[in-house]
Amino acid sequence: MGNSTHTALDATALRAEFPLLATPRPDGGAVHYLDSAATSQKPQRVLDAMDAYYRETNANVHRGVYEMAAEATERFEAGRDAVARLVNHPREATVFTKNATEAINLVAWAWGVRELREGDEIVVSMMEHHSNTVPWQIVAGITGATVRFCPVTPGGEIDMDALRGMVGGRTRMVAVVHVSNTLGTINPVEEIVAMAHEAGALTMVDATQSVPHMPVDATAIGSDFLAFTGHKMCGPTGIGVLAAAPGRLEAMEPFLGGGEMISDVTTEGSTWNDIPWKFEAGTPPIAEAVGLGEAVRFMEEIGPERIRAHEKVVAQSMLDALDEVPGLTIYGPRDVERRGASFSFSLDGVHPHDIGQFLDSKGVCVRAGHHCTKPLLRSMGVQSTARASAYLYTTDDDVIALRDALVECREWFGAA
Amino acid sequence: MGNSTHTALDATALRAEFPLLATPRPDGGAVHYLDSAATSQKPQRVLDAMDAYYRETNANVHRGVYEMAAEATERFEAGRDAVARLVNHPREATVFTKNATEAINLVAWAWGVRELREGDEIVVSMMEHHSNTVPWQIVAGITGATVRFCPVTPGGEIDMDALRGMVGGRTRMVAVVHVSNTLGTINPVEEIVAMAHEAGALTMVDATQSVPHMPVDATAIGSDFLAFTGHKMCGPTGIGVLAAAPGRLEAMEPFLGGGEMISDVTTEGSTWNDIPWKFEAGTPPIAEAVGLGEAVRFMEEIGPERIRAHEKVVAQSMLDALDEVPGLTIYGPRDVERRGASFSFSLDGVHPHDIGQFLDSKGVCVRAGHHCTKPLLRSMGVQSTARASAYLYTTDDDVIALRDALVECREWFGAA
Amino acid sequence: MVRGGLMGGLDDLYQQLILDHYRNRRGRGRIDGASASVHEHNPVCGDECYLDILVVDGRIADIRADGDGCSISQAAASMLTEVAKDKELGEALDLVEHFRLVMHGDAEPDEDILGDAVALEGVAKYPVRVKCALLSWLALRDCIADYRETTAMGG
Amino acid sequence: MVRGGLMGGLDDLYQQLILDHYRNRRGRGRIDGASASVHEHNPVCGDECYLDILVVDGRIADIRADGDGCSISQAAASMLTEVAKDKELGEALDLVEHFRLVMHGDAEPDEDILGDAVALEGVAKYPVRVKCALLSWLALRDCIADYRETTAMGG
Ligand SMILES: Cc1ncc(COP(=O)(O)O)c(C=O)c1O
Ligand SMILES: Cc1ncc(COP(=O)(O)O)c(C=O)c1O
């Protein structure tokens, strides 16, 4: 597979590498998996890399002098190298966690519990995933700090004027999502980070929905913290990443305590290992890091720019297709330059659960619910939406199957 | 494979199920893997179960209405059922974490940061793994509480008289390891739990080295919290377990915040999901729970009693074999009724690192270092030891290879 | 079964009776001066259910359910209001318990007890949808508990 | 390579010269009235190294290493005391840097610079043991830095 950004990505050919997508359903039809914002499918080579690790060199890392343990450590740390390279970030400031949620909580607890005081403010946007909202609420509850929500415009974008009005001298942390999992909106995170830094606040960018889908340069974004998750980027469950400013990580006291993260332990107290290990207590997700490393190499061979280019095309097809469905309302931006390929929508007279169930009978997998963005949905005046989300393996076939199933669905429930 | 406790387990036959052990080394020799206290090898069926999950029904859990997501949820929750059954614990109080270390930190942070005050005491034993020491030190540092270390007798057991003297009105938590990863000692955890409860303290039992190796009944032990880890019990990396008293878990405020653990999220604050999900923020280790479930079924088919019986035999062989090596000192109990099959030892005139390296050249994998028990080693007056640790697949062959390599090692380094 | 889409086909889950109750909801609304009221929600989808009962002489003289939701939750609420009406409180609790067991696959559905709600049987195969079906039914259980507690305290 | 055990066989790692330095340590002990001293430890195994230097006219007039450790760390310390003695401080830092690069596989070992320590070349293939070999050498680097800082402050 070439890496030229001139050739478009061939999604149909890529599907052959994903066993779940390559296997037809029992009724012979294709699987139209449109729930990649929840989790992505995995290419066979990622499964093979983990399998090979367990079969050839499974051993605990970092402490073993025997060859197999050294080899395990090497494969594990090579996973870190790959992830760091993908987002252009120093490897020593690239911490493995169990998922994006833990990465954000790490900062909320390790930094927030120790540093926040009554009167301090944490600013989040109304479109944050619960993972970038609830940790701040919890830590605010412990410390007496306040969480403030920046509104979202009717067009589904962060209200930048409102944000400018909220970020000020009391602001200690600004936490925003790079790409919304519900609306698909791409937020101007560089601008927001600069605004926060000017006010002397730290920044957390939730890049869970951007890193899998487009080139993300953590250094260029310049946030203090940036979080993402393995299972949405062709990698396994059980692993996430916190890419932090190295100096910030050095200065921070540790979060989880245990093996691996110490330099010395005495009955009087302990001292800490170098970063990134200082923040990786206990046996890390070893096979998972190996698998994620392979997932990154897979993405690199295709090229993040080409993935983004493909998804723009898919997003435009989705917009066109969904527009053909009577009674359907799309939430979020309509300009594919300003959005990813996640689409939340409502269908007049049919509840999202029923949409999800009906579509499943046609082999189309979409999500129905609040997508872990309840404050956003409440602010939009809806309880739940259906959501179709694409990835590098999404084809026009999938989009057409979605459209046709939605039209049928509406008729079936008598809403037409 | 029968489940009768009358027939001894056939370790040689079992090895065929472990691809890493079944494949000879390039020089034709067998792999003598004696580092199972660090991590265990995995039977093929565990790898297959995870693979099947990814290939057949990979989808995010709990929120999907489509069939594949429901199936993913079912396989994930079946992993919880298996784990809960193995340790005789209610499933709703069986929380998945990323490893044992996180399980202990969950309690230290969620309970400790909120409840501990200056003057409060946390009592740990001197033989705790860093994972059951450092979290308490960190939380003590934040709250002003104190961590006290109960000494270990020269025979390598918790000094119960000293412990009785330490546990009193100021004690809020007693945290002890069930089986020591360094000494092999089996501690009287029921007695310790009763003593702590009488003093009004909570209890954390680190069962990381007992659950893989013997029948463990969490209900009979009666501790408030019990932690263990997947990768040491034939399961994958990236998953651990906290088995908590249900009422305790209900009463506790959450730890990590994010998706899955909420009931409702508003800009004013949030409410929590039912246990166990209240403590499982973000996408859980789904494939890992599937793999761990399969590992448990594998262990159940063999039978924990038979595993324990086998390891007693291996432990006695180890004692006999190590005794034949001149200049070798074994740490920890010599009575196989009071110990597991992990043996730390020193060899006069040869540093543990050199032992580990030399043994590796003979295909024998042992660990060298402090085994994440620095306070213990310091109290024993050594900086590091070599450690050979067995599991259900350990054979007499492995023990003899260890003995012979040690004898040779001593000669090679000119210590003889 | 894996990846087969809807197991018994759509018709098995969405029986005509269900769609009929969904399109023509019975017992919808609120009761002025209700004896007890509860408000429940399904955290998975955010669906809400308001349930009111009017208790006269230990019987459910009136019962109404309000709120939005999917076809399953709406139909289940509609069926509930029909079958629970005029039941003694104890009987109503037995009814809810029977329905709960059926939904969890722990009992065979009894049409004499469940009335139209027997049509919801197919939902048991869809764990995520079980919560939808149970929302209003468990609301009734909580409502009766509330009522009993209040009257016990009140005298 | 996977699961081959020691890659070049034991002899490749444990060259005779290494075992000789291990069994007969040179430059062992402490220096009374040292110009600078540091104490370092290897968190992996707990090995400790005390390093003292005596600086006269910008040269390392004496250097001694103490502490316990494995054959690699002991031999490396022994070799260091031989090769670093009489070097100018700047030269000594260059020496340490060259050794560091060799250990990380980033430079070819130069026997003229390293003396006996060239025998440690094989260690580079064993990441865990690299820390053992470097312990005393990096201690010298820190020691020189300390010395320069103190003398700069003192006058
Ligand atoms: C006794 C004991 N407790 C806790 C742990 C930590 O387990 P994990 O690294 O999987 O968190 C270990 C293993 O390293 C152990 O042996
Ligand atoms: C925007 C966003 N942030 C955070 C998360 C949390 O990721 P995880 O569940 O892997 O922690 C998700 C996915 O659910 C997401 O879409």
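Letters go in sequence order (proteins before strands), and every chain restarts at 1. Heavy atoms only: backbone and side chains are in, while hydrogens, waters and symmetry mates are out.
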Do C:Asp47 and A:His351 make a side-chain contact, defined as non-hydrogen atoms from C-beta onward lying under 4.5 Å apart? yes
Around atom CD of C:Glu97, are there more than 12 heavy atoms of other residues, nucleotides or ligands at under 6.0 Å? yes
Looking at every heavy atom in both A:His353 and C:Tyr14, which two are closest together, and how far apart are they? O-OH, 4.4 Å
Examine whether an atom of C:Glu48 lies under 4.5 Å from a heavy atom of chain A, and if so say whether it belongs to the side chain, the backbone or both; otherwise answer neither. both
For residues A:Phe413 and C:Ser71, report the shortest heavy-atom separation together with the two atoms involved. CE2-OG, 3.8 Å
Distance from C:Cys70 atom SG to A:Asp354 atom CG, nearest 0.5 Å? 5.0 Å
Which heavy-atom pair separates C:Tyr126 from A:Gln357 by the least distance, and what is that distance? CD2-NE2, 3.4 Å
C:Asp106 atom CG, over 12 foreign heavy atoms within 6.0 Å: yes
What distance do C:Leu10 atom CG and A:Phe358 atom CZ have between them, rounded to the nearest 0.5 Å? 5.5 Å
Is there any residue in residues 369-395 of chain A with a non-hydrogen atom under 4.5 Å from a non-hydrogen atom of chain C, and which ones are they? A:Gly369, A:His370, A:Lys374, A:Gln383, A:Ser384
